[in-house]
Peer 1: 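So that we are looking at the same thing, I have put the structure below in structure tokens.
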2 protein chains.
Amino acid sequence: MSVTIKDVAKAANVAPSTVSRVIANNPRISERTKVKVREAMDQLGYHPNFIARSLANQSTQVIGLVTPGSSDVFFQNPFFPTVLRGLNEGAHEHQYALQLVTGKNEEDIYNGVVQMVQGGRVDGVVLLYSKVEDRILSYLQERNFPFVMIGKPYKMPESITHVDNDNIQAGFDATEFLIGIGHERIAFVGGDNKLVVTVERLEGYKEALKKAGLPYHPRYTVHETFLLEGGKDAICALMELPENERPTALLVTDDLMSLGVLNTLSELDMTVPEDISIISFNNVLFSEMSRPPLTSVDINIFQLGYEASSQLIKRVEHKDEPHHRITVPHHIIARFSTEYVKK
Amino acid sequence: MSVTIKDVAKAANVAPSTVSRVIANNPRISERTKVKVREAMDQLGYHPNFIARSLANQSTQVIGLVTPGSSDVFFQNPFFPTVLRGLNEGAHEHQYALQLVTGKNEEDIYNGVVQMVQGGRVDGVVLLYSKVEDRILSYLQERNFPFVMIGKPYKMPESITHVDNDNIQAGFDATEFLIGIGHERIAFVGGDNKLVVTVERLEGYKEALKKAGLPYHPRYTVHETFLLEGGKDAICALMELPENERPTALLVTDDLMSLGVLNTLSELDMTVPEDISIISFNNVLFSEMSRPPLTSVDINIFQLGYEASSQLIKRVEHKDEPHHRITVPHHIIARFSTEYVKK
DNA sequence: TTGTAGGCGTTATCAA
DNA sequence: TTGATAACGCCTACAA
């Protein structure tokens, strides 16, 4: 079929093992035979068979990517392409390939992970999410299989290598930004409150209010999913408050939601930022394409991915690496959805 | 290390080959031993090793995904997540996994493909693009390696299995839609004119003009890349035309570009659709999130992906399948960026 | 119906 | 510095 190490060996008049050593660039092979073997390889158009190599080595140079619950939804999230870019870059630098776990629901994905792991298809795994009570996480820990998480583990963060933003600080900074331009009635519009990110950003929000001596009103806190329509109901409810209680600014924990919010506001005939300011999170590609362009907390999604695959490869190659937490910095990109409050 | 077929064999008091046959559910194995073996498997927590199986079978159950030139840019394209979803679904139905070719430039990707293919990492490949003079395409054809293309091959479409929209028809329909609501000066804002899609949609546009007896003005045709800022210059140039020559409608071949166009127009103080109508292509997620929501030609991106992986698997499993062209239907989603022309 | 043995293409150990 | 040879875990004639 394909040209193998044996064919090369014959052509070069050496043993297969010698060819193997040439491939590995083993220093104890004479330059002369190296050259000879390499010539033969070129002539025959030899390429090593990864599968055979994997079997012999017990290592595949492949990283598995695990998406949360339903991949479908996750793929839609503008977070995904960018984090994938980062993962890709980190993997590519070390000659690793990326493989996706396929599946439409949690059960599917769980089985996919088990197959990947036990089937020896991948050397390690990146979890692209963090959630409470995760079977996959427990499974990987039990088997002591190398993995890295993007986001903050719900528990035992010190025994799980993970890369994450300081989301408390990010929530704090965003809120302080609004306070700094004069806002006092600030509402928090967050995603699924089972996600650690949401909880943390909310915490930062509260801290900033406290520090500024502003009251925290639970009714100023709404949780919606990250999906598109999410925002609508939440916003309407807030905007129906009497004028002197209505928030003058919104902190929205996801750009996609912000888009929804923007549309809802426009339907309610409210102008951003004149009537109400918005600060958003993630700073994905289209944050600057909306009208008005969104002030958003850039969380360096690319770097999140890049660090994740780099760290994972480190773990795979040195199984005794201690667990790390990598904190990726964030910074606010001020655009045109925020403005000094009108008194 | 891990539990293998041999361990199971011992535990069940049979030969390894018997275990192997049980896994394959070979009918010539007695029910009794099947049960016995399966029990042993469960007890030991056996999972077949994919790598070993791949080596023995010469088949990996993995599909390689090849992105155009720079993956980075492609990942950003909102086309990508949806097509990936489709690919994922098609692959998952047949228990195939997806692997990405990593690389940042054409050279990188080419090498990645060669490694994947010669390295026996994948059973087949999906090309997520179609372009002129493609090394990767030639390479795959030369080696007679199973692949499927999304988009229309630049040449020899009858000897390449591909899944695509009828883009000429789509361009035609979109243009006719505008003509149908009274527009006569319609400009074509297209992406990279080396891409087959662009060329075809342009062709459809011309045909529709012709059919309606409207003149085709080359200056009404602008080509920009699919990138965000793309639109700006092109649009300004058009809008600087004297009022009675200025187009009243734009046909923009990509939603992302449309977003850019929308912003540019808003900077020029032109209102959509009152001052100018826009019909867009692809109908990606955020088409309805823009302001105004875009009238867009839905090209069924999901199905494009789904068909691609399904077809590929068919080819992989029956090497003698004849080449197909799968045409995925499109339809216009009318939203609020198009309006009857003001006379 | 089941077992034996060789092979898939590498790598790694041990001799030479 | 190189060559035999035995793994790696599974599949599949061929034999029994």
Peer 1: Please test Phe147(B) against Ile136(B) for side-chain contact (heavy atoms from CB on, under 4.5 Å), starting from the C-alpha separation and ending with a verdict.
Peer 2: CA-CA 11 Å; Phe147(B) 74 97; Ile136(B) 295 180; over 6 Å; no
Peer 1: So Arg135(B) and Glu107(B), salt bridge (Lys or Arg N to Asp or Glu O under 4.0 Å) or not? Walk me through it.
Peer 2: CA-CA 10 Å; Arg135(B) 278 171 77 194; Glu107(B) 184 70 10; 3.2 Å; yes
Peer 1: Measure CZ/Arg53(A) against P/dA12(C) and give the value in whole Å, please.
Peer 2: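 Answer to the nearest Å: 10 Å.
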Peer 1: To the nearest angstrom, how far is Lys10(B) atom NZ from dC10(D) atom P?
Peer 2: 13 Å
Peer 1: Using the test side chain to side chain contact (heavy atoms under 4.5 Å, CB included), find all partners of Arg315(B) that sit at least two apart in sequence or belong to another chain.
Peer 2: Val148(B), Thr161(B), Glu321(B), His323(B)
Peer 1: On DNA chain C, does the nearest nucleotide to Thr33(B) precede the nearest nucleotide to Ala52(A) from the 5' side, or the other way round? Give the residue.
Peer 2: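 The residue closer to the strand's 5' end, by nearest nucleotide, is Thr33(B).
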Peer 1: Rounded to the nearest angstrom, tell me the gap between atom CD1 in Ile51(A) and atom C1' in dC10(D).
Peer 2: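 Result: 13 Å.
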Peer 1: Provide a list of protein-nucleic acid N or O atom pairs under 3.5 angstrom, restricted to nucleotides 3-7 of chain C.
Peer 2:
{"from": "dG3(C)", "atom 1": "OP2", "to": "Ala15(B)", "atom 2": "N", "distance (Å)": "2.9"}
{"from": "dG3(C)", "atom 1": "OP2", "to": "Thr18(B)", "atom 2": "OG1", "distance (Å)": "2.5"}
{"from": "dG3(C)", "atom 1": "N7", "to": "Ser17(B)", "atom 2": "OG", "distance (Å)": "3.4"}
{"from": "dG3(C)", "atom 1": "N7", "to": "Arg21(B)", "atom 2": "NH2", "distance (Å)": "2.6"}
{"from": "dG3(C)", "atom 1": "O6", "to": "Arg21(B)", "atom 2": "NH1", "distance (Å)": "3.1"}
{"from": "dG3(C)", "atom 1": "O6", "to": "Arg21(B)", "atom 2": "NH2", "distance (Å)": "2.9"}
{"from": "dT4(C)", "atom 1": "O4", "to": "Ser17(B)", "atom 2": "OG", "distance (Å)": "3.2"}

Peer 1: Look at all strands and tell whether Phe50(B) reaches a base, only sugar-phosphate, or nothing, counting heavy atoms closer than 4.0 Å.
Peer 2: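 No contact.
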Peer 1: What's Ser20(A) touching, base or sugar-phosphate or nothing? Going by heavy atoms closer than 4.0 Å.
Peer 2: base
Peer 1: At less than 4.0 Å, is any side-chain N or O atom of Gln58(B) found next to OP1 or OP2 of dC11(D)? Yes or no.
Peer 2: no
Peer 1: If I take atom CD in residue Gln118(A) and atom P in nucleotide dG9(D), what distance separates them, rounded to the nearest angstrom?
Peer 2: 14 Å
Peer 1: Which whole-number value in Å describes the distance from Asn26(A) CG to dG3(D) C1'?
Peer 2: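 Value for this atom pair: 14 Å.
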Peer 1: Got a sec, which residues hit side chain to side chain contact (heavy atoms under 4.5 Å, CB included) with Ala11(B), two or more places apart in sequence or on another chain?
Peer 2: Ala40(B), Leu44(B)
Peer 1: Could you list the residues that satisfy ring pair (Phe, Tyr, Trp, His ring centres under 6.0 Å) with Phe75(B), not counting sequence neighbours?
Peer 2: Phe80(B)
Peer 1: With sequence neighbours left out, which residue pairs that include part of residues 7-60 of chain B fulfil the ring pair (Phe, Tyr, Trp, His ring centres under 6.0 Å) condition?
Peer 2: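 Qualifying pairs: none.
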Peer 1: Touch check for Ile5(B), heavy atoms < 4.0 angstrom, all strands: base, sugar-phosphate only, or nothing?
Peer 2: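 Answer is sugar-phosphate: Ile5(B) comes under 4.0 Å of backbone atoms only.
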Peer 1: Quick one: side chain to side chain contact (heavy atoms under 4.5 Å, CB included) partners of Lys155(A), sequence neighbours excluded?
Peer 2: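 Once residues adjacent in sequence are excluded, the partners of Lys155(A) under the side chain to side chain contact (heavy atoms under 4.5 Å, CB included) criterion are Glu133(A).
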Peer 1: Report yes if at least one side-chain N or O of Ser54(B) is closer than 4.0 Å to OP1 or OP2 of dC8(C); otherwise report no.
Peer 2: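 Negative; the distance criterion is not met.
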Peer 1: When the distance from CG of Leu55(A) to P of dA7(D) is rounded to whole Å, what number comes out?
Peer 2: 14 Å
Peer 1: Distance check needed: dT11(C) C1' versus Asn57(A) CG, whole Å only.
Peer 2: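 For the pair Asn57(A) CG and dT11(C) C1', the rounded distance is 6 Å.
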Peer 1: What is the distance, to the nearest angstrom, from the CG atom on Asp7(B) to the C1' atom on dC10(D)?
Peer 2: 13 Å
